[in-house]
Amino acid sequence: MSARDDVFANIRRSLGVTGKEATRRGIVAARLQEPSRGPIPARGQGSPAAKMATFITEAQRVSATVVVLEHAAAVPAEVARYLRESNLPLQVRIGADVRLTQLDWHGAGMTTLDGASAGADLSAVSHAFAGVAETGSLIVLSGPDNPVTLNFLPDNHIIVLSAADLFGDLESVWAKLRRDLGKGVMPRTVNIITGPSRSADIEQTLLLGAHGPRRLHILITLD
Amino acid sequence: MSLHPTTPEFKQNAHVALHDAELQKALGHVQGGFIYKRQSAVDRLPEFEVLRDSARDLKDHVLAHLDLYLEMYEARVRASGGHIHFARNANEANKIIVDICKAHDAKTVTKGKSMVSEEIGLNDAIEAAGMKAVETDLGEYIIQLRHETPSHIIAPAVHLTKEQVEREFRREHTHLPKDRDLSQPVQLLTEARGVLREKFLAADVGITGANFLIAETGTSIIVTNEGNGDLTQSLPKVHVVIASIEKIVPTLEDASLLMRVLARSATGQDMSVYTTLSTGPRRAEDPDGPAHYHVVLVDNGRSSMLGGEFEDMLRCIRCGACMNHCPVYHAVGGHAYGWVYPGPMGAVLTPSLIGVDKGGHLPNASTFCGRCESVCPVKIPLPKLMRHWREREFERHLTPAVQRFGLGVWAYFARRPALYRPLTSLAMKALSLLAGEKGRFAKLPLASGWTQYRDLPAPSGQTFQSQWRARQKERSR
């Protein structure tokens, strides 16, 4: 018997089942068809304004910085300000996301690089697929629009989030993912990012900037 | 190393640990930090107790339908362009992974933190095949330099002080200036970041574990704070996921439920920094990500635990809360347990996986205070399961002869109340008289195992049963 068949046979022997029982199959099919939500914490719920306030509080709690912008057009100027303030070169790497490529980076005195990062970039800008108020988390999907290496290799990660994509909980994000991409369809990577990278592996002392970005700056656009 | 447990020598290990000054200093960080941080996170979430109940029910549902969810998961991994392999045991799993690495002519393999890879001794197998395995989680990297196993399932180097880490870095990173300052943890972290960045970029294969596997989508999930698991899986051309079969959950919603209790129970965070869902290899249009995606599902004794008295243990999501709250773990640390899983969860799981003949000491290393069960996010009845192991150990005549003899004598009298009552009553009175005013014994024949370390409090002179009778009489008046 192959290892696979052996493992399945052993599971079924222990459970006392054959795997052909219609009731069991029915229960599993129903659960996969209609996902069941567990208890949803009240913390992330409320009006859009309440969600926004919770998101900002939670993101700051995990050491991200947050700025709210009236218009997406103001993103390059804010990025330039942030980099200048940190004494960093006015250069960022971005993917092919039109919400980023259509912006006037040159007008703000910036240069952009496109495509995946090979590790030499100091700063990158991604556009979030969604945000979660409950924990101050951002969801970024891999692909040409927002290459996954931009989330981890640069020292400074800037993520833009449209206020319309801010949800109370992760469950609402999965509903949007199924709507936008189709049921059961996933990009290669879905990154849920909650603050900049950190480690407490040495004497339980929490330090920012382990292997991923040392800093995370979030820009929420209202239009 | 992982394949050769020192668990049978638990007593000796514990003795050494109790006299290791550096270890005792490092263990001080466990008690304060983890317990306080978890409690703060729990206090901030009124729904936490309800979430624990739901998490327990979810895992029970999965275990009852494990074969069917695994079938669905397998189909979804294939549909997304990934490869899936099953391994009955450690040797099979190691061989599958080594063969994948060889097929891609790998020289360097980076690894995210994975307890099941420790369980099967994967690093040794990779090195034996002539390739270099590099652990990339900071704690795992440190213990790999020291040729140690993790002493904690989420904080592998918790048994070390920063001075010990500095010594290892100076010994290993000889290309760096000798007079550099490494006195602060942040300097150690920065140095590791620089050294490991080179390894990430050079690796041919990246291996990660999985906190959860999703049947609905064929997705594997890892949760990290450092981002090492992401660089491990995004930069090399091959991503290999190693996971044990019970990691499966039905849907994205179910994984979200478990995430809500995992990080809070582990580090007291609401969410870990990076929760990463990986499905298949990079798509045709993707500019980055691995070109090949393999999942190796490991059984290694788990399927036999289903349907039996230890099935509850398969609910474990490896948060480490039980060991963070365990007085025995606080005293001896993780290495004394002699294998990869320490603390209460290790005391139950280790005998299941390596046999009660080798792991039987561990369920005895408990004060049965119950804190582990009270903080477990999936409500595993750990003290009850440890008691089951003690019973098995006794049934299989693995308990030492003196202890069996003592229990035999006690059982003889306990079954004969007419003898038991007057005899215990007499013994209590005698002991009370012998102890005198002090009310305690510094030395007592046959009890040196106790009195060597502390005084034995003397009985007050009355047995429980006689006190109970007197109280009942008092009440009926």
Side-chain angles (χ1 to χ4, degrees), chain A residues 3-4 6-8 10-12 14-17 19 24-25 27-28 31-32 35-39 41-43 58 115-116 119 135 137 142-144 147-149 151-152 170-171 174 184 186-205 207 209-212, chain B residues 29 33 45 47 50-51 54 65-69 72 86-88 92 138-139 155 157 161-162 165 185-186 188-189 193 196 201 215-217 219 225-228 230-231 234 250-253 256-257 270-271 273-280 282-283 285-289 299 303-304 306-307:
Chain A
R4 179 201 177 276
D6 229 9
V7 170
F8 275 94
N10 213 17
I11 292 172
R12 287 179 172 137
S14 294
L15 290 176
V17 300
R24 292 178 77 240
R25 292 204 159 264
I27 290 168
V28 165
R31 178 116 184 186
L32 293 172
S36 131
R37 288 188 179 193
R43 187 203 293 172
E58 294 302 322
T135 50
S137 307
S142 68
V148 69
T149 42
N151 299 343
F152 299 101
L170 266 178
E171 283 80 348
W174 305 140
M186 298 285 281
R188 150 64 201 171
T189 309
V190 178
N191 290 116
I192 309 174
I193 300 172
T194 313
S197 111
R198 65 200 62 198
S199 175
D201 271 348
I202 299 172
E203 293 194 345
Q204 299 301 293
T205 311
L207 300 168
H211 293 299
Chain B
H29 299 293
L45 193 74
E47 297 89 350
V50 191
L51 286 162
S54 302
H65 302 88
L66 188 60
D67 53 329
L68 302 179
Y69 283 122
M72 176 54 77
F86 287 83
R88 278 171 284 223
E92 284 186 0
L138 179 58
T161 60
K162 66 175 193 293
V165 178
V186 67
L188 295 165
L189 177 75
R193 179 185 167 108
L196 285 167
L201 294 164
E216 175 195 9
T217 50
T219 298
N225 277 322
E226 299 181 5
N228 64 306
D230 290 284
L231 292 172
S234 299
T251 63
L252 290 161
E253 280 76 0
S256 310
L257 165 64
D270 293 350
M271 276 288 270
V273 176
Y274 301 114
T275 301
T276 299
L277 290 72
S278 311
T279 314
R282 72 201 268 181
R283 313 297 187 247
E285 66 278 16
D286 285 358
D288 48 16
D299 182 338
S303 59
S304 303
L306 284 166

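Naming convention: chains lettered A, B, ... in sequence-line order (proteins, then strands); numbering from 1 in each chain. Predicted model, so just to flag it, every value in this text is computed and none were measured.
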Q) Quick one: what part of A/A200 sits under 4.5 Å from any heavy atom of chain B, side chain, backbone, both or neither? A) neither

Q: Determine the minimum heavy-atom distance between B/E253 and A/P35, stating which atoms define it.
A: OE1-CB, 3.2 Å

**Q.** B/G280 to A/R188 - nearest heavy-atom pair and separation
**A.** O-NH1, 2.7 Å

Q) Is a salt bridge present between A/D6 and B/R88, judged by a nitrogen-to-oxygen distance below 4.0 Å? A) yes

Q) Which one of B/G139, B/G227, B/G307, B/P287 has the most heavy-atom pairs closer than 4.5 Å to chain A? A) B/P287

Q) Among A/G209, A/G19, A/P39, which residue forms the greatest number of heavy-atom pairs with chain B at distances under 4.5 Å? A) A/P39

**Q.** Which atom of A/S199 lies closest to which atom of B/L138, heavy atoms considered
**A.** OG-CD2, 3.7 Å

**Q.** Between A/T135, A/L170, A/N10, A/V17, the one whose heavy-atom pairs under 4.5 Å with chain B are most numerous
**A.** A/N10

Q. Do you know which two heavy atoms are closest between A/G195 and B/V273, and how far apart they sit?
A. O-CG1, 3.1 Å

(Q) Do B/K162 and A/T205 make a side-chain contact, defined as non-hydrogen atoms from C-beta onward lying under 4.5 Å apart? (A) no

Q. Is a side-chain N or O of A/R37 found less than 3.5 angstrom from the main chain of B/L257, in a donor-acceptor match?
A. no

Q: Say whether, by atom type as modelled, one donor and one acceptor occur between the side chain of B/E47 and the main chain of A/A42 under 3.5 angstrom.
A: yes

Q. Are side-chain heavy atoms of B/L277 and A/I192 found at a separation under 4.5 Å?
A. yes

Q. Which one of A/P41, A/S137, A/P196 has the most heavy-atom pairs closer than 4.5 Å to chain B?
A. A/P41

Q.
Closer than 3.5 angstrom, by distance alone: can the side chain of A/S14 be matched with the main-chain N or O of B/S303 as a donor-acceptor pair?
A. yes

Q.
Is A/F152 close to chain B through its backbone or its side chain, or both, or neither, when contacts mean heavy atoms under 4.5 Å?
A. both

**Q.** Verdict with reasoning, A/E171 to B/S256, per side chain to side chain donor-acceptor pair (under 3.5 Å)
**A.** CA-CA 7 Å; A/E171 283 80 348; B/S256 310; 4.6 Å; no

Q.
If you count heavy-atom pairs within less than 4.5 Å of chain A, which of B/T219, B/L231, B/L189, B/D67 leads?
A. B/D67

Q: Please determine, among A/G38, A/G119, A/G115, A/A116, the option with the most heavy-atom pairs under 4.5 Å with chain B.
A: A/A116

Q) Can you name the closest pair of heavy atoms from B/D286 and A/S142 and give their distance? A) OD2-OG, 4.4 Å

Q | Option from B/T161, B/L188, B/V165 for which side-chain contact (heavy atoms from CB on, under 4.5 Å) with A/E203 holds | A | B/T161

(Q) Which one wins on heavy-atom pair count under 4.5 Å against chain A: B/L66, B/D270, B/L201? (A) B/D270

**Q.** For chain A, the option from B/D299, B/D230, B/T276 that forms the most heavy-atom pairs under 4.5 Å
**A.** B/D230

(Q) Donor-acceptor pair, distance only, cut-off 3.5 Å: does the side chain of B/D288 make one with the backbone of A/T149? (A) yes

**Q.** Any side-chain heavy-atom pair of B/N225 and A/S197 under 4.5 Å
**A.** no

Q) With side chains defined as the heavy atoms from C-beta onward, is the minimum distance between B/M72 and A/V28 less than 4.5 Å? A) no

Q.
So A/R12 and B/L68, do their side chains get closer than 4.5 Å, heavy atoms only?
A. yes

**Q.** Within-4.5 Å side-chain heavy-atom neighbours: A/I193 and B/Y274
**A.** yes

Q) For A/P144 and B/E285, which heavy atoms make the closest approach, and how far apart are they? A) CG-O, 3.5 Å

